[in-house]
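Have a look at the structure below before the remarks.
In this text the structure is predicted, and so the values were computed from the model without any measurement. Below, chains carry the letters A, B, ... as their sequence lines are ordered, and counting in each starts from 1.
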Amino acid sequence: MQSRFRKGTLWAAAALSGGMLLAGCGTTTSAPASGPAKTKSPTAEISIGTLYASTGSFATSSMPEYQGLQFWINQVNASGGTYVKAAGKKEKIRLVSYNDQSSAQTATSLYNQLITVNHVNMLVADFGSVLTSVAVPIAQEHKQLLFDQSGTGTTFFTPNNPYIVLTSLPTSALWPTSLANYLISQHYKNVAIVYCENDFDQSQDQTLTRLLAKAGITPTYNNAVPTSTSSYTVILHNMAATHPQAVIELGYPNNDISFMQALQASGSTFPTTFTIFPGQLPSLFEKNFGMKGLNNMFTYPAPPLFTVQGVNYGMPIAQFAQAFKKQTGSSPNFLNVAGYNTGLILQKTLATATSLSQKSLRQAVTGFSGSITTLDGKFQINNQGAQIGETLPVGQFTVSNGKLKVNFMS
Amino acid sequence: MRRNKLSNAIILVVLAVLFILAPLLYPNQSVPFQMMAFMTLAQGVNLLYGFTGYLPFGYVGFFGSGAYGVSILVLLLHWSVIPAVIGGGLFAVVVALLLSPLLRLSGAYFSIGSLAASEIVYYVVSNPNMQNITQGPYGVNLAGIYDPNTSYYAMLVILLIFTAVVMYVKNSTFGMSLLAIKEDPVSAAMAGINVVRRRVAIWLASAFAAGLVGAVYGWYVSVFYPSSVFDLTISIFAIVFTLFGGGGTVLGPIVGTIVLYGLYNTIGVSSPQYFQLIYGLLIVVLVMFLPQGLTSLLKRRGINVP
């Protein structure tokens with residue numbers, strides 16, 4: 001009996017040790033997207049570490065952004081590398097990437113992995129605020145500059161954290177400026193707003209209502225719904241009951257689709273109906289609603305739906321669209337542009353920084369902030385690293401000669 | 001009894017040594033940290049499920065309450081970290097106390113009821129009208145108290161405490177009474193056991209475990225959103241790790257977490273499609289052939305599993 005007892009305890013100890021070994025080994029051998037992870041080697045190549053989500057709730061946004069970054073790396077490597085001022089020569093880029101499966105818990109381990117085990121030269125965040133949030137303190141703790149692609153969370157940018165730079169989107173609080181200006185210019189008095197309970201949408205609602213209030217407009221309907229909302233029928237009827245001149249829905253792509261489905265089913269029409277994502281993911285919305293469904297819808301059009309003028313760094317949108325289609329076989333959307341734009345910011349940073357230290361990289365970004373315009377817009381950050389150069393215009397979809405077009409309102 | 005004590009002591013020492021050495025041997029501290037977090041959550045589920053049969057699908061509600069508890073105490077009331085972490089655990093206990101009428105349900109009804117309750121807590125926390133208290137959907141930034149090293153060892157202490165609690169419950173008359181209630185509550189009540197009080201006690205202890213883990217997790221990551229600390233996968237992982245190892249034992253949740261979390265880190269990140277397939281197959285095989293968990297293999301051979 002006693003030997004059996006000891007056997008059980010020994011077995012337990014062995015299982016513990018073996019399992020710990022398995023857990024540790026597992027992470028080291030997680031295959032990066034392009035070859036096994038190596039330690040930092042400043043003169044051989046530049047390693048860029050990032051995460052992507054191939055499954056889960058962020059997959060539809062994360063993957064296109066990741067493809068955009070991959071596209072940039074392929075372009076750079078095909079041309080013999082990117083110029084690295086610190087080395088005084090061109091160097092190739094090696095991508096080290098892991099799949100976080102849209103889980104913030106997994107992302108925490110993997111960002112740590114990229115910094116402490118893979119020792120990447122440059123760290124790029126996954127899509128959106130939730131998957132970027134966990135990277136912010138880790139990067140700050142390790143004094144590693146975080147290139148935040150699209151995490152526009154208001155809590156990320158603080159005066160005492162120099163280790164973050166937002167590359168491809170303005171902070172969400174800036175987004176509705178053009179929308180507010182448009183509504184005010186139309187002299188609307190009855191505006192109905194529904195927004196989702198998340199950082200991205202609520203900060204937009206706050207900015208929008210603040211700007212409207214300055215113009216003496218108080219929304220007749222302004223309510224939050226859970227981000228998981230998939231049925232807007234009752235909400236839409238409640239909004240319609242206030243006889244709004246403009247109906248604004250602020251959500252993620254899934255919310256926009258659900259809202260537009262409810263709108264179509266109800267047959268309701270309003271002088272102005274606005275949703276965020278048709279302008280950024282037009283093919284997704286066209287697939288769901290057809291051109292007719294998008295006709296007259298207001299949105300924030302983003303490249304490639306419009307062409308940024310005065311591009312002085314990287315490919316302009318037409319050239320990018322052609323090259324992207326040639327390489328991937330599909331037409332780019334805004335998130336592809338965002339990923340590629342991140343690559344351009346990395347490229348400019350490497351071309352400007354006098355050393356590969358993270359402080360030097362950050363100084364380089366501050367140095368060229370405001371001086372470059374890419375296909376995504378003007379790159380300019382404030383002293384907290386938040387992107388303030390890009391603006392999002394308001395546009396309206398129209399169907400003309402069987403083609404979907406955007407008329408710009410601001 | 002003496003053998004039990006020796007065996008328990010060995011488990012605690014091995015756990016302590018492994019997790020103290022882990023960050024020295026492997027630089028990515030997050031891996032052992034999260035393993036400890038899930039191991040403690042699995043022990044929390046074990047306290048409830050292993051000894052009473054209640055399977056809490058909404059266990060993440062306590063985890064999230066702990067994370068938000070610590071943020072409220074630090075940001076609003078300016079408490080220092082350690083009291084705030086303990087306070088975070090107590091937040092979860094208060095939530096559990098409010099939800100204790102759920103224990104009137106049983107089986108699948110309780111599981112679904114607890115899931116719905118955790119969703120309610122989530123929506124209350126993320127409600128924009130709660131912005132002055134919880135920051136609503138904006139997420140929390142605890143950068144001022146960020147300290148990954150201290151929070152790592154705090155998690156280790158919590159793991160050891162709750163592993164010891166499970167050891168105590170397993171070998172005490174209190175644990176025996178819980179098992180009696182699990183088998184037949186009517187007979188247990190007839191034998192003089194206060195069924196309601198004991199069920200509520202273990203429910204609160206289980207919630208306290210999740211609350212403390214959530215509080216330390218919030219401290220460790222320092223920036224989080226309601227959706228990340230009320231993520232249902234946290235419940236699922238804790239439950240699956242417990243079931244895989246074997247509920248009602250000290251070792252089951254530990255083994256379950258090490259094997260499955262190890263597997264997750266091995267193939268789950270690089271090849272999630274295979275991981276989900278393998279994970280699914282493992283669970284199907286387990287339910288069909290080892291419903292009492294992996295440790296039942298040893299029990300069948302007459303080996304005593306702590």
Side-chain angles (χ1 to χ4, degrees), chain A residues 1-2 4-5 7-9 11-13 15-20 22-31 54-55 98-101 103-106 108-113 116-117 129-130 133-134 136-138 140-141 153-156 158 160-161 196-199 201-203 224 226-227, chain B residues 3 6-7 10-11 14-15 18 22 25-32 34-35 123 126-128 135-141 143 146 148 221-225 227-228 231 233-234 251 254-255 257-259 261-273 276 298 301-306:
Chain A
M1 183 66 185
Q2 196 166 352
R4 281 184 173 172
F5 195 81
K7 210 168 152 186
T9 310
W11 180 87
L16 279 170
S17 315
M20 286 288 287
L22 179 70
C25 287
T27 322
T28 24
T29 52
S30 289
S54 74
T55 55
Y98 295 112
N99 186 352
D100 58 38
Q101 300 168 63
S103 159
Q105 283 77 37
T106 305
T108 306
S109 294
L110 295 177
Y111 284 122
N112 248 319
Q113 183 80 1
T116 61
V117 178
S129 294
V130 171
S133 65
V134 290
V136 177
I138 295 171
Q140 189 180 3
E141 168 74 9
T154 46
T155 55
F156 302 168
T158 50
N160 54 356
N161 181 13
C196 289
E197 290 172 348
N198 60 61
D199 180 21
D201 294 309
Q202 198 190 347
S203 56
T227 309
Chain B
R3 284 199 301 265
L6 179 68
S7 161
I10 290 172
I11 290 172
V14 170
L15 276 177
L18 279 174
L25 300 173
Y26 190 64
N28 187 351
Q29 192 191 52
S30 295
V31 173
Q34 299 218 24
M35 183 176 274
Y123 286 121
S126 63
N127 191 308
Q135 319 287 325
Y138 280 116
V140 168
N141 189 341
Y146 181 62
V221 297
S222 85
V223 180
F224 55 86
Y225 284 89
S227 59
S228 41
D231 184 352
T233 54
I234 295 171
L251 214 52
I254 297 173
V255 171
T257 307
I258 287 175
V259 172
Y261 191 71
L263 196 65
Y264 179 76
N265 276 280
T266 311
I267 57 169
V269 173
S270 56
S271 313
Q273 65 278 31
Q276 282 157 6
L298 296 176
R301 296 182 178 197
I303 298 170
N304 185 19
V305 178

Under 4.5 Å from any heavy atom of chain A - which part of B:Ile234: side chain
Which bit of B:Ser228 comes within less than 4.5 Å of chain A, counting heavy atoms only: side chain, backbone, both or neither? both
The criterion is side chain to side chain donor-acceptor pair (under 3.5 Å); which residues satisfy it with A:Thr116, sequence neighbours excluded? none
Residues that A:Gln202 engages under side chain to side chain donor-acceptor pair (under 3.5 Å), provided they are two or more places apart: B:Gln131
When the 4.5 angstrom heavy-atom criterion is applied to B:Tyr225 and chain A, the contacting part is side chain
For A:Glu197, does its backbone N or O pair with a side-chain atom of A:Thr227 as donor and acceptor, under 3.5 Å? yes
Atom of A:Ser133, atom of B:Val223 and distance for their closest heavy-atom approach: O-CB, 3.5 Å
